[in-house]
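Working notes, beginning with the structure itself.
Positions are given from 1, in the same order as the sequence printed here. The shown structure was predicted, so the numbers you read here are calculated from the model rather than taken from an experiment.
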Amino acid sequence: MKLFYKTQRDLAVTLNGIIDAYWNNELNEETLIKIVHDVYINNPDKVLKDGNFTTVLKQQCGKRRLEVIDKIIKRDTDNMS
């Protein structure tokens, strides 16, 4: 899996796959958190814009997946402070 993405759409497809794999019990929680964290750290401008998810991610990922991503991102920033 790549860590750097050219487009927001590519990033959204990858995030969808990661979260769906977790929901299908193909990934454990620790792996989910690590992958989402790594993808976010390397592509922050493609995930968030002005503190909100980008429009492409909102359209492609949907609310439930974005809730998971949001919790992981907030958890990471809380642990850094």
Give the C-alpha distance, both sets of side-chain angles, the deciding distance and a yes or no for side chain to side chain contact (heavy atoms under 4.5 Å, CB included) between Tyr40 and Leu48. CA-CA 9 Å; Tyr40 171 69; Leu48 297 175; 3.5 Å; yes

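- The side-chain tip of Arg65 does not point at the ring of Trp23 from less than 6.0 angstrom away and within 45° of straight on.
- Of all the heavy atoms in Asn42 and Leu3, the pair that sits closest is CB-O, 3.3 Å.
- Atom CD of residue Glu67 and atom NZ of residue Lys71 lie 6.0 Å apart, to the nearest 0.5 angstrom.
- Of the possible polar contacts, none joining the Asn24 side chain to the Glu26 backbone as a donor-acceptor pair under 3.5 Å is found.
- From Asp38, atom CG reaches atom NZ of Lys2 across 15.5 Å, with rounding to the nearest 0.5 Å.
- Salt bridge Asp45/Lys49: absent, no basic N to carboxylate O contact under 4.0 Å.
- Atom-to-atom distance recorded for Gln8:CD and Asn43:CG is 10.0 Å, nearest 0.5 angstrom.
- Each of Tyr5 and Val56 belongs to its own hydrophobic cluster when Ile, Leu, Val, Met, Phe, Trp and Tyr are linked at side-chain heavy-atom distances under 4.5 angstrom.
- The nearest pair of heavy atoms linking Leu57 to Lys46 is CD1-O, 3.8 Å.
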Set out, in order, the CA-CA distance, both residues' side-chain angles and the distance that settles side chain to side chain contact (heavy atoms under 4.5 Å, CB included) for Val68 and Leu32, then state yes or no. CA-CA 10 Å; Val68 173; Leu32 167 75; 4.2 Å; yes

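- With sequence neighbours excluded, the residues forming a side-chain contact (heavy atoms from CB on, under 4.5 Å) with Ile33 are Glu29, Ile72, Arg75, listed by chain and number.
- Side chains of Phe53 and Ile69 form a contact here, defined as non-hydrogen atoms less than 4.5 Å apart.
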Could you give me the CA-CA distance, side-chain angles and deciding distance for Val47 and Thr54, then say whether side chain to side chain contact (heavy atoms under 4.5 Å, CB included) is met? CA-CA 6 Å; Val47 177; Thr54 61; over 6 Å; no

Before giving the answer on side chain to side chain contact (heavy atoms under 4.5 Å, CB included), spell out for Asp10 and Val13 the whole-Å C-alpha distance, their side-chain angles and the decisive distance to 0.1 Å. CA-CA 5 Å; Asp10 292 342; Val13 168; 5.8 Å; no

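- A distance of 4.0 Å separates SG in Cys61 from CG in Asn16, rounded to the nearest 0.5 Å.
- Atom CG of Leu27 is separated from atom CG of Asp20 by 10.5 Å, given to the nearest 0.5 angstrom.
- In this structure, the separation between CD1 on Ile35 and OG1 on Thr14 is 10.0 Å, given to the nearest 0.5 Å.
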